[in-house]
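Just so we're on the same page: letters track the sequence lines, and every chain starts at 1.
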Amino acid sequence: MGPAHAATAAALHDRLLPWYAVHRRDLPWRRPGCSPWGVLVSEVMLQQTPVARVQPVWQRWVAAWPTPAALAASSPGDAVRAWERLGYPRRALRLHAAAVVLRDEHGGVVPAQEEVLRTLPGVGDYTAAAVAAFAFGRRSTVVDTNVRRVHARSVTGAALPAPALTRAEVALAAALLPEDDREAATWNVAVMELGALVCTARSPRCGACPLRDVCRWRLAGSPPYDGPPRRGQAWEGTDRQCRGRMVQVLRDASGPVGAEELHSVWPDRAQSDRCLDALVADGLVEPLEDARFRLPV
DNA sequence: TAAACGTGGCA
DNA sequence: TTGCCAAGTTT
């Protein structure tokens, strides 16, 4: 870490850590009694999904499946059904697959090493680092959308980070990470918490920010975002909308569902045909011999 | 590398 | 009302 960053890091730590101690939310997966498995489940659920929607579903999940082995003993379809309406149901499928790997290859235990976590289905760089840090107190570089935004503003002076994660952002996050394991884990969650509660994407609460006197973005007069255009996701009429409707029908059904009932929720038959095939290919839907379908058993 | 992948709340 | 955004991963 160069001297410039060393000074920056110290200034940020001195301001952010006391703020976090006061303002941290009491989330169930942060409580001391929460198992590493509970932390892993929370991290996968939180991918692209707000805390408020995750919380009740997470409670039901860890109550039903308190260990990887318990989930592995259920069907993937049960996992998808219990996913409810969190979105991206392939995450439920991957979490189930991860539970099977944990049971069969890791003694039913969630590993503490980032490199090992990274091999699990549905676990990418962020989730591996987050579980190592939050479940095991390890020193890992956690870079999520909150961290990227806080660093972009406070250190880089930009309104928002670039559309895609860059090497420079990872290097910056690594440079700011405290040496001590436990401190590093707290630092990671503190930066994320600031991004979630104060340094938000829209209408940041700069007046309440502990970094306001050192934030380079604020000191520059809070200039607007000037990077490459960010792609909004289309929704109406997309395959994603069509898939979502068909999976919802299967989630809500008690047994197998006829093809016509699935197609009835979408006006364009050619598109729903294609989407149903894709759902089967993805393993989210299981075809039976009699032209009926169900969640995978 | 960029596009696909769900869902709902908020400005 | 419409668009943006939420603790990303996979191909």
Using a heavy-atom cut-off of under 4.0 Å over every strand shown, decide if [X] touches base, sugar-phosphate, or nothing.
{"X": "A:Ala201", "answer": "sugar-phosphate"}
{"X": "A:Arg274", "answer": "nothing"}
{"X": "A:Ser42", "answer": "nothing"}
{"X": "A:Gly124", "answer": "sugar-phosphate"}
{"X": "A:Leu95", "answer": "nothing"}
{"X": "A:Val123", "answer": "sugar-phosphate"}
{"X": "A:Gln241", "answer": "nothing"}

How close or far is atom [atom2] of [N] from atom [atom1] of [X], stated in whole angstroms?
{"X": "A:Arg231", "N": "B:dT1", "atom1": "CZ", "atom2": "C1'", "result": "12 Å"}
{"X": "A:Arg240", "N": "C:dA6", "atom1": "CZ", "atom2": "C1'", "result": "13 Å"}
{"X": "A:Met246", "N": "B:dT7", "atom1": "CE", "atom2": "C1'", "result": "16 Å"}
{"X": "A:Glu43", "N": "C:dA7", "atom1": "CD", "atom2": "C1'", "result": "5 Å"}
{"X": "A:Arg230", "N": "C:dC4", "atom1": "CZ", "atom2": "P", "result": "10 Å"}
{"X": "A:Trp235", "N": "B:dC5", "atom1": "CH2", "atom2": "P", "result": "10 Å"}
{"X": "A:Asn146", "N": "C:dA6", "atom1": "CG", "atom2": "P", "result": "7 Å"}
{"X": "A:Asp125", "N": "C:dT10", "atom1": "CG", "atom2": "P", "result": "9 Å"}

Can you tell which of [options] lies closest to the side chain of [X]?
{"X": "A:Arg243", "options": "B:dG6, C:dG8, C:dA7", "answer": "B:dG6"}
{"X": "A:Arg30", "options": "C:dA7, C:dC5, C:dA6", "answer": "C:dA7"}
{"X": "A:Met192", "options": "C:dC5, C:dA7, C:dA6", "answer": "C:dA7"}
{"X": "A:Gln47", "options": "C:dG8, C:dA7, B:dG8", "answer": "C:dG8"}

Which residue is it: A:Arg30, A:Arg24, A:Arg31? I am looking for the one with a side chain to side chain contact (heavy atoms under 4.5 Å, CB included) to A:Leu27.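 Among A:Arg30, A:Arg24, A:Arg31, the one meeting side chain to side chain contact (heavy atoms under 4.5 Å, CB included) with A:Leu27 is A:Arg30.
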
Is any side-chain N or O of [X] closer than 4.0 Å to OP1 or OP2 of [N]?
{"X": "A:Arg149", "N": "C:dC5", "answer": "no"}
{"X": "A:Gln48", "N": "C:dG8", "answer": "yes"}
{"X": "A:Thr145", "N": "C:dC5", "answer": "no"}

Identify, between A:Ser203 and A:Arg91, the residue whose nearest nucleotide on DNA chain B lies closer to the 5' end.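 By nearest-heavy-atom nucleotide position, the 5'-most residue is A:Arg91.
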
Contact nearer the 5' end of DNA chain B, comparing A:Pro89 with A:Ala164: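 This one resolves to A:Ala164.
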
Can you tell me, in whole Å, how much space there is between the [atom1] of [N] and that of [M]?
{"N": "B:dT1", "M": "C:dA6", "atom1": "C1'", "value": "23 Å"}
{"N": "C:dC4", "M": "B:dA3", "atom1": "P", "value": "15 Å"}
{"N": "B:dA4", "M": "C:dA7", "atom1": "P", "value": "23 Å"}

Taking for each residue the nucleotide of DNA chain C bearing the nearest heavy atom, is the 5' side occupied by A:Trp29 or by A:Arg94?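 Upstream on the strand: A:Trp29.
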
Does the cation-pi check pass for A:Arg15 over A:Tyr20, that is, NZ or CZ under 6.0 Å from the six-membered ring centre and within 45° of its axis?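 Geometry flag: not set, cation outside 6.0 Å or 45°.
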
Distance criterion of 3.5 Å, no angle test: do you see the side chain of A:Thr49 paired donor-to-acceptor with the base of B:dG6?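 Per atom types, the contact qualifies.
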
Donor-acceptor pair (no angle test) under 3.5 Å: A:Arg202 side chain, C:dC5 base: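 It does not, because no donor-acceptor pair links the side chain of A:Arg202 to the base of C:dC5 below 3.5 Å.
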
Residues, nucleotides or ligands: over 12 heavy atoms within 6.0 Å of A:Arg230 CZ: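 Check passes, neighbour count above 12.
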
Counting heavy atoms not belonging to A:Arg25, are there more than 12 under 6.0 Å from its CZ?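 Yes, enclosed.
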
Locate the shortest heavy-atom distance separating A:Arg90 from A:Leu284; write the atom from each residue and the value.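 Where A:Arg90 meets A:Leu284 most closely, the heavy atoms are CG-CD1, 3.6 Å.
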
Pairing of A:Glu260 and A:Arg269 as salt bridge, 4.0 angstrom limit: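 Salt bridge present between A:Glu260 and A:Arg269.
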
Can we call the ring centroids of A:Trp61 and A:Trp83 under 6.0 Å apart?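 Judged by ring-centre distance (under 6.0 Å), A:Trp61 and A:Trp83 do meet the cut-off.
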
